Visitor: 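Please see the structure below; I have some questions.
Keep in mind that what you see is a predicted model, and the values were worked out from it rather than measured. Within every chain, numbering begins at 1; the chains are lettered A, B, ... in the order of the sequence lines, protein sequences first and strands thereafter.
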Amino acid sequence: MALSLGQIIDSLGGRLIGDPKQLVHKLAPLDTAQADTLSFLSNPKYQSHLTGTQAGCVIVSPAVAETVKVTAALIVADNPYHYFAKLTQLWRQHTRVKDETLVHPSAVIHPLAKVDATARIGPLCVIERGAQVGANTWLKSGVTVGEDCHLGDRCIVHAGVVIGADGFGFALFEGRWEKIEQLGAVRIGNDVEIGANTCIDRGALDDTVIEDGVKLDNLVQIGHNVHVGANTAMAGCAGVAGSARIGANCTVGGGAIVLGHLELADDVHISAASVVMRSIRQPGQYSGVFPIDDNASWEKNAATLRQLHRLRDRIKSLESVLESQKK
Amino acid sequence: MALSLGQIIDSLGGRLIGDPKQLVHKLAPLDTAQADTLSFLSNPKYQSHLTGTQAGCVIVSPAVAETVKVTAALIVADNPYHYFAKLTQLWRQHTRVKDETLVHPSAVIHPLAKVDATARIGPLCVIERGAQVGANTWLKSGVTVGEDCHLGDRCIVHAGVVIGADGFGFALFEGRWEKIEQLGAVRIGNDVEIGANTCIDRGALDDTVIEDGVKLDNLVQIGHNVHVGANTAMAGCAGVAGSARIGANCTVGGGAIVLGHLELADDVHISAASVVMRSIRQPGQYSGVFPIDDNASWEKNAATLRQLHRLRDRIKSLESVLESQKK
Amino acid sequence: MALSLGQIIDSLGGRLIGDPKQLVHKLAPLDTAQADTLSFLSNPKYQSHLTGTQAGCVIVSPAVAETVKVTAALIVADNPYHYFAKLTQLWRQHTRVKDETLVHPSAVIHPLAKVDATARIGPLCVIERGAQVGANTWLKSGVTVGEDCHLGDRCIVHAGVVIGADGFGFALFEGRWEKIEQLGAVRIGNDVEIGANTCIDRGALDDTVIEDGVKLDNLVQIGHNVHVGANTAMAGCAGVAGSARIGANCTVGGGAIVLGHLELADDVHISAASVVMRSIRQPGQYSGVFPIDDNASWEKNAATLRQLHRLRDRIKSLESVLESQKK
């Protein structure tokens, strides 16, 4: 597999400083690139990596292109990282062997499910009664789409994803949990990507909603009646409890937890492993993680933390003693 | 699909204030309810929602029924939330299209597994040698029940659940991990519900035990030889390490972790994302989460936390200086 | 199923103090052992358990064998826990009913995948184009091995594992996420065990690498381009973000999170539920967990924690007041 720099420019635009006939056999980071490799520099702070690279060609910004002196060919693009993303797509297009069949014969699709003729359904998927899968959406292997759940167009759903399991709803009655049947479904917009073994529960009465352009990583849990706004991204092992409402263009770091019934405004960014325990109305970055330390130091600090409130009282006492001395 | 108020009262009891012929087409929360909708008021603090609702009928407590003035019909029940739970079950009973076949032909069931004649086994389930599935238990799609693992009656097991994978047991020997074969199994009681992609490992020598009425949400991890007492519920992404013993009627919040070999008494409630590092002998609510804050504040507080023990020493010093001044 | 003590000694070595014809019907811990049971004592601090045990035979260290007075037979081994591990393997060998077929007919294996003739492929596994599975490796049910991903020899992969889903790679461009195609794969060494529903993502350009002897528990997330060194073990629900590099012989506790692009040296041990936010260059045990407490105490301490930095300033002020008094 090889593409010439000319082919790349023809497909993706950008300005070439170099020979359009030069061939690229591989995409790689600057530090492991070879003469047959195309690489990219998106963060100006790594510009020093550029001078030592063996890469045959590098995607750079106009500012970098003006100042840098390298023997490598250059593709000049306004946003080199975005250009690189498009290039990976072009590369995949050329390398992917097209499977002949869109719907694998081992998939179990209910006759009353509606699967678009352009959708790709991988092996051992289950699509239940009344479910819908949109145009050019791709379910990899072993994906479950539950009754009446809808997926939009151009979605990618990785292996083992479960869409539309029952939300976790029970009424405690005389010490036992009475099941609340989950009568809602899941509605997923267009251009959503869902990572392996992630779960999105159906709503109790209304639907759970995932808006257009949302990206969920692996092993993410989305509870019933959650609403995730457009283009929000959540990293692996994140969990969102029932009826939480997350705005658009948010990011939720890996392992972070959002408690139920909370609201996050648009453009809220939650750091990895943080726990959101109250609604957040202002855009910004939010964190809450116990800093890691060598175990002995942690033990001492954690023990002291359990008496922190009393420490505050002791400081108060000291202050009032000193204050009274002044008088 | 519609039920009359009379039909509902006939099935579930309660006292109707209104016309038994009135039809219900939908169940919904008070704030989105319409004239064809049945809603409920379980928490008296939301009583104000009642006056403005469009709902055609509302389930209320006797106390509310006495005082409220609304045009909606009322179903009066001692425990409106429990009544609502029963109503969702009635609703589901009337709306669910019964699949003709109990055991999907794509399920892989070992000839020496014992599946009750009333159990429902979804597509692409795997039931291994010696496993047992009780009466009226329902495995949704892609569930694995490992060798010799037992499930009781009336259980619901959602897609992707793995029961009876090997516990994580190894003996470190000369820098390598020697596998300890996991010779126990998993025993699950009656009326247990298990959420999507949750894992319950088999025991090392004895069995892992899940008692009657336990409810586990999605993506929960139950380690080998864990014992979970009756009617305990665990929310999504919770994890319980090996040989922990959790009492009856406990709740474990989402993302909480219980370390291995610990014991939790009955009626212990662990807040979401808390880490149980010691046994808990007294009923009650327990928490341990770093409070989330804007990132800049968190950074300052977290940095200070790493010297908390020294701060305590400085307070001690201040106290002793002031104490010596007194003398 | 029964083994005589003589058979066990013949297979695994060790010195027997007792009758080689004595039969063992069960392996169990000391406290639940019966006369037909073989048990073990690995931790000298539990030696008191030995005197009261009903076990017919106990595996003990030479030091214990010299001092203990019991009626039970003894197997004396340098490392009783390792001996016990080997014994579980011997036990499993004798009890496991060999399935006739190595590759279950329901598995979906691409014609261009390479599965070793000795590998065991369970029901409903998916092995994609170009994937490789090594000698004596065992995929349990519902395992996905993605395109071009390689598994070495003698690996055990539990149900629901997804190897080679796309890494979570996107370039933010004008408020939307542009997909970065993940062109790398996953390379897994020999003697690796992977727990149920665990996910290991394929690399973006280079491969994700899991070295020989690594043990991953259930529901673990390994991001793209992560490198896990030989014989490292990670407990359930742990997550490692993209491009992190974890050394050899490390342990990562359950629910712990390692952020992206960090490096952990060899022999680093991360406590359960801790969050690694910086590279760790020195071997040792590291922790960072908010200590759990009754909810009221936690609330007070957590609230105070949010003003910890200001408390430090107040201590500073107090110190400088006292300092100035001295002068």
Side-chain angles (χ1 to χ4, degrees), chain A residues 106 108 124 126 129 142 144 146 160 162 165-166 168 170-171 173 175-183 197 199 201 204-206 219 221 223 237 239 241 255 257 259 270-271 274-278 284-291 293 297 300-301 303-305 307-308 311 314-315 318 321-322, chain B residues 27-29 32 79 81-82 84-86 88-89 91-92 95 97 104 106 122-124 140-142 156 158-160 191 193 195-197 213 215 217-219 231 233 235-237 249 254-255 272-273 289-295 298-299 302-303 305-309 311-312 315 318-319 322:
Chain A
S106 65
V108 177
L124 306 168
V126 175
R129 180 195 306 271
T144 294
V162 179
D166 281 350
F168 198 59
F170 301 91
F173 182 67
R176 301 185 44 161
W177 298 101
E178 191 71 57
K179 182 169 178 75
I180 296 170
E181 289 286 347
Q182 304 292 299
L183 304 169
N197 283 348
C199 301
D201 277 351
L205 296 172
D206 298 327
L219 292 166
Q221 155 68 358
C237 309
I257 299 275
L259 299 196
I270 305 299
S271 299
S274 299
V275 182
V276 183
M277 309 183 70
R278 55 184 174 86
Q285 181 83 34
Y286 295 83
S287 307
V289 177
F290 200 109
D293 213 335
S297 301
K300 279 199 274 186
N301 289 322
T304 311
L305 180 52
Q307 31 170 297
L308 183 58
L311 283 188
R314 285 161 67 182
I315 295 171
L318 288 167
V321 169
L322 284 182
Chain B
L27 310 183
T32 63
N79 184 326
Y81 195 49
H82 180 246
F84 166 71
K86 302 295 290 183
T88 62
Q89 295 171 14
W91 199 264
R92 174 54 52 107
T95 49
V97 189
H104 196 276
S106 66
L124 305 168
K140 310 259 174 127
S141 54
I156 300 175
H158 290 280
D191 302 299
E193 183 159 345
N197 283 347
K215 311 295 178 186
D217 197 358
N218 300 348
L219 291 166
N231 299 313
C237 308
N249 306 306
V289 178
F290 200 109
I292 196 165
D293 214 336
D294 66 88
N295 192 63
W298 168 75
E299 276 193 347
L305 180 52
R306 292 191 61 193
Q307 30 171 297
L308 182 59
H309 190 71
L311 283 187
R312 197 196 65 151
I315 294 170
L318 288 166
E319 286 168 339
L322 284 180

Visitor: Report which part of A/Leu311 has an atom under 4.5 Å of a heavy atom belonging to chain B: side chain, backbone, both, or neither.
Guide: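 For A/Leu311, the contact with chain B is made by backbone and side chain together.
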
Visitor: I'd like to know if the side chain of A/Trp177 reaches the main chain of B/Asn231, judged simply by a donor and an acceptor atom lying under 3.5 Å from each other, with no hydrogens or angles considered.
Guide: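 Confirmed, A/Trp177 side chain pairs with B/Asn231 backbone.
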
Visitor: Between B/Asn295 and A/Ser287 (side chain of the first, backbone of the second, donor and acceptor by atom type, cut-off under 3.5 Å), is there such a pair?
Guide: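 No.
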
Visitor: Among B/Pro29, B/Gly122, B/Ala303, which residue has the highest count of heavy-atom pairs closer than 4.5 Å to chain A?
Guide: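 Looking at each of B/Pro29, B/Gly122, B/Ala303 in turn, B/Pro29 comes out on top.
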
Visitor: Given the options A/Leu259, A/Val162, A/Val289, A/Leu308, which has more heavy-atom pairs under 4.5 Å with chain B than any of the others?
Guide: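 With the most close heavy-atom pairs to chain B, the winner is A/Val289.
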
Visitor: Looking at every non-hydrogen atom in both residues, tell me the closest pair between B/Tyr81 and A/Phe170 and how far apart they are.
Guide: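 So the two residues come closest at CE2-O, 3.9 Å.
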
Visitor: Between A/Lys300 and B/Arg312, is the side-chain contact (heavy atoms from CB on, under 4.5 Å) condition met? List the steps.
Guide: CA-CA 10 Å; A/Lys300 279 199 274 186; B/Arg312 197 196 65 151; over 6 Å; no

Visitor: Tell me, out of A/Gly146, A/Cys237, A/Pro291, A/Gly223, who's got the most heavy-atom pairs with chain B below 4.5 Å.
Guide: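 Winner by heavy-atom pair count: A/Pro291.
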
Visitor: Test side-chain contact (heavy atoms from CB on, under 4.5 Å) on A/Leu322 and B/Leu322; report intermediate values, then the result.
Guide: CA-CA 9 Å; A/Leu322 284 182; B/Leu322 284 180; 3.8 Å; yes

Visitor: A/Asn301 and B/His309: which non-hydrogen atoms are nearest, and at how many Å?
Guide: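 Where A/Asn301 meets B/His309 most closely, the heavy atoms are OD1-N, 2.8 Å.
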
Visitor: Please rank A/Arg278, A/Met277, A/Gln182 by heavy-atom pairs under 4.5 Å with chain B and give me the top one.
Guide: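 Of A/Arg278, A/Met277, A/Gln182, A/Arg278 has the most heavy-atom pairs under 4.5 Å with chain B.
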
Visitor: Find the one option among A/Leu318, A/Thr144, A/Leu124, A/Ile257 whose heavy-atom pairs under 4.5 Å with chain B are most numerous.
Guide: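 The option with the most such pairs is A/Leu318.
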
Visitor: In terms of heavy-atom pairs under 4.5 Å with chain A, which of B/Asp294, B/Asp217, B/Asp191 leads?
Guide: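 Option with the greatest count: B/Asp217.
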
Visitor: Can you tell me how the ring of B/His82 sits relative to the ring of A/Phe173, calling it parallel under 30°, perpendicular over 60° and tilted otherwise?
Guide: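 Plane angle under 30°, so parallel.
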
Visitor: Give a yes or no answer on whether the side chain of B/Asn197 reaches the backbone of A/Gly160 with a donor-acceptor pair at less than 3.5 Å.
Guide: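 Yes.
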
Visitor: Is there side-chain contact between A/Lys179 and B/Lys215, with heavy atoms separated by less than 4.5 Å?
Guide: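 In short, these two side chains do not touch, never coming nearer than 4.5 Å.
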
Visitor: Relative to chain B, which of A/Asp201, A/Asp166, A/Ile270 shows the most heavy atom pairs under 4.5 Å?
Guide: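 The candidate making the most pairs under 4.5 Å is A/Asp166.
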
Visitor: If we define contacts as heavy-atom pairs under 4.5 Å, which of B/Leu219, B/Ile156, B/Thr32, B/Thr95 has the most with chain A?
Guide: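 Highest number of pairs under 4.5 Å: B/Leu219.
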
Visitor: Please flag which part of A/Val275 lies under 4.5 Å from any non-hydrogen atom of chain B: side chain, backbone, both or neither.
Guide: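 For A/Val275, the contact with chain B is made by backbone and side chain together.
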
Visitor: Is it the backbone or the side chain of A/Ser297 that comes under 4.5 Å from a heavy atom of chain B, or both, or neither?
Guide: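 No part of it gets close to chain B.
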
Visitor: Flag the pair B/Ser141 / A/Val108 as yes when at least one side-chain heavy-atom distance between them is below 4.5 Å, and no otherwise.
Guide: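 When only atoms from C-beta onward are counted, A/Val108 and B/Ser141 do not touch, as no gap falls below 4.5 Å.
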
Visitor: Mind checking whether B/Asn218 and A/Phe168 have side chains closer than 4.5 Å, heavy atoms only?
Guide: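 When only atoms from C-beta onward are counted, A/Phe168 and B/Asn218 do not touch, as no gap falls below 4.5 Å.
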
Visitor: Does A/Arg176, at its CZ atom, have more than 12 non-hydrogen atoms belonging to other residues, nucleotides or ligands within less than 6.0 Å?
Guide: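 Open.
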
